[in-house]
Amino acid sequence: MRPSATFTAVLTLTLLLSGCGKQPPGRRLYGPNCGICHHGGAGLPGEIPPLVDRLDVIAQTPEGRRYLADVMLNGLAGPIMANGEKYNFGMPSFRRLDDQQIALILNWLIARGETKPAPVMTPHDIAEARKHHLDPQSTHKERDQLSRIQPVP
């Protein structure tokens with residue numbers, strides 16, 4: 001059974017008006033890789049920390065950008081505080097993604113924060129971090145060290 005011309009026209013118009021297919025590349029990559037746990041960036045209270053309005057603050061320094069790259073490449077394990085709430089979770093490594101893909105995801109999240117102009121992560125930042133393979137517990141230690149020199153919301 002073929003759909004009617006009217007149905008096809010309505011479906012096409014609905015897709016165009018909804019912006020379907022017009023998502024930024026970072027958002028498209030975020031969904032199947034990060035959105036499964038972090039949802040739209042708000043996380044899940046008490047279980048998965050939020051990302052929006054945090055990553056932009058962390059990314060303001062070279063050390064913060066390195067930490068974000070390390071989390072994406074190596075994962076993170078152990079208790080953290082985020083926006084005043086405790087989380088004890090593990091995040092897997094996304095080393096399987098290439099440098100450009102990781103930069104796109106991070107930049108999409110960073111741009112959703114309040115910091116303007118938003119800090120920018122480059123594929124080169126990711127490539128430099130990729131040279132140093134860490135375990136998730138070492139990334140957690142890096143977070144602790146970072147929190148001593150800058151606030152980690």
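Only a predicted model underlies this, so the values are computations on that prediction, with no experimental measurement involved.
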Close side-chain approach of Asn107 and Thr122, heavy atoms under 4.5 Å: no
Gap separating the NZ atom of Lys141 from the CG atom of Asp70, nearest 0.5 angstrom: 14.0 Å
Shared hydrophobic cluster, Val152 / Met72 (ILVMFWY, side-chain heavy atoms < 4.5 Å): yes
Rounded distance (nearest 0.5 Å) linking atom CD of Gln100 with atom CD1 of Ile126: 10.0 Å
Point-to-point distance, once rounded to the nearest 0.5 Å, from CZ of Phe89 to CD of Glu47: 11.5 Å
Ala111 backbone acceptor or donor facing Lys116 side chain under 3.5 Å: yes
Sole residue of Arg95, His140, Gln137 in side-chain contact (heavy atoms from CB on, under 4.5 Å) with Asn74: Arg95
Distance-only side-chain donor-acceptor flag, Asn33 / Arg96, under 3.5 Å: yes
Cationic N near anionic O, under 4.0 Å, Arg130 to Asp99: yes
Derivation and outcome, side chain to side chain contact (heavy atoms under 4.5 Å, CB included), residues Leu146 and Glu142: CA-CA 6 Å; Leu146 180 62; Glu142 182 181 1; 5.5 Å; no
Donor-acceptor under 3.5 Å (Asp56 side chain, Ile110 main chain): no
Worked verdict on Val71 versus Leu68 for side chain to side chain contact (heavy atoms under 4.5 Å, CB included): CA-CA 5 Å; Val71 168; Leu68 293 175; 5.6 Å; no
Spatial distance of atom SG (Cys34) from atom CD1 (Ile102) [nearest 0.5 Å]: 9.0 Å
Plane angle bin for Trp108 and Tyr30 - parallel if under 30°, tilted between 30 and 60°, otherwise perpendicular: tilted
Stepwise side chain to side chain contact (heavy atoms under 4.5 Å, CB included) test for Asp53 and Asn83: CA-CA 9 Å; Asp53 291 327; Asn83 292 350; 5.9 Å; no
Electrostatic pair Arg148-Asp144, nearest N-O below 4.0 angstrom: no
Spacing of Glu63 atom CD and Ile58 atom CD1 [to the nearest 0.5 Å]: 13.0 Å
